[in-house]
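A quick write-up on the structure given underneath.
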Amino acid sequence: MHISVIGCGYLGAVHATCMAELGHDVVGIDVDAGKVDLLNSGKAPFHEPGFDELLARQVSGGRLRFSTDYADVRDAQVHFIAVGTPQSEEGYAADMTYVDAAVAGLIPHLVEHPDGPTLVVGKSTVPVGTAARLAAQVGGSPAHLVWNPEFLREGFAVQDTLTPDRIIYGLPGDPDAAEASGAVLDAVYTSMLAAGIPRLTADYATAELVKVAANSFLATKISFINAMAELCEATGADVTVLAEAIGHDDRIGPKFLRAGVGFGGGCLPKDIRAFMARAGELGVDQALTFLREVDTINTRRRTAAVELAHRLLGGTFSGKRVAVLGAAFKPDSDDMRNSPALDIANAIAGQGARVIITDPAAGPKLAKSRPDMDVAADAFEAAKDADLVLLLTEWRQFRDLDPAELREVVASPQIIDGRNVLDPAAWRAAGWTYHGVGRP
Ligand code: UGA
């Protein structure tokens, strides 16, 4: 099938490439000419395991290309909208500028397709009600609108796109349009559906809500365990054992119960805020008041890490050298949007310490975008002469550090393990003062 993908960021570039991998002929559209050139040369504009190889293969194989010109979508029967919906500058609501621009750019190019109905398929995470609004705009064209949210995790983007836990279609209210649209999308995902991936159909609002409900639940789970970590800190209990023990209950499950410096990234933080803002507009803000607490618990973990660092340094940051291991919001990614690690590093530097930060993937990007920051090549360079080390993104390189070797280079062997990934006994045995999150 001929497919277009509007927006070639994390979501769009991976989706376009995976659609080509499924055998479709794909064009990705983005306003950023530099990004389009890079993608056309088979290179990923971000770090994502397994993505570069797939992208290079599909581009050189001829089934995938990228363009800045909307007119290049002309052959496509299915047009995916995959642009970002960041938090708006003014408040908690999502900034819909890019979605609105994508749909406006696409509408003049929507034409009848010989193989059946033309589809505009929303993948971006949007406030509930957006699909209905956009369907009215698309209504004058020969296309139907479907909402088909994406659930990929950074670091697992290819795997999550090709083998998602489920696929959901938010279909038009008119039964004929719904049936015809569902059939076209089934054809796009034929091989995935044949592999048994569950597919659910719903109205627009339900499909939109599924996405934000899932992210809200995940954020709640993380903040829940971080709240338990606070209780553990007050009582000398161990949150890692607590999480393992409650996780054995099938109804709770062990995943997303890792206490630490909390959730960040371009999705969970802004999605729960946009959800609260939308609930307010709908007059049901009380239903989501708990998300405010989820957000507060999450940001409190960042402040707590800064306060602990301050205490360990004898009540002053000034004149101190602090090594920060990790800048990305999670390992296997170079994404620093709303990163707890970067936030904590900035706060400590802002209070007078000399912060040396390192990250296997985000480091070079950080050095370019923040010339004011000291970016080291690896953990040993960062920790040289440090008065304190903070591990804030759990890269394998940091998890595997040898405490005895690292001790050789620091000025003072104290470490804050902000992700609870080090073995406290081994680090203490090597002479370190070890502080985890919610564990003795
Ligand atoms: C998240 C969701 O997991 C995806 O399903 C969703 O599609 C995506 O947002 C999106 O909306 O696009 P992602 O932001 O890539 O994916 O990252 P997660 O793996 O969810 O991690 C989010 C943050 O939570 C990270 O900072 C991570 O370190 C933190 N986290 C995760 C914890 O602090 N504890 C945990 O137990 C798990």
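Values in this document were obtained by computation on a predicted structure and should not be read as measured data. Numbering of ligands and ligand atoms starts at 1, following listing order.
A donor-acceptor pair shorter than 3.5 Å can be found between the side chains of K270 and T85. Remark: the Q414 side chain and the T433 side chain contain no N/O donor-acceptor pair separated by less than 3.5 Å. When only modelled atom types and interatomic distance are considered, R337 and Y10 share no side-chain donor-acceptor pair under 3.5 Å.
Annotation: ligand 1 has protein neighbours E150, F151, L152, R153, E154, K211, N215, L218, I222, F256, L257, R258, G262, F263, G264, C267, L268, D271, F329, K330, R419, each with a heavy atom less than 4.0 angstrom from the ligand.
A salt bridge does not link D378 with K384: none of the charged nitrogens is closer than 4.0 Å to a carboxylate oxygen. For E307 and R302, the salt-bridge test fails: no basic side-chain N is under 4.0 Å from an acidic carboxylate O.
Under the 6.0 Å cut-off for aromatic ring centres, F275 and Y92 do not qualify, their centroids lying 6.0 Å or more apart.
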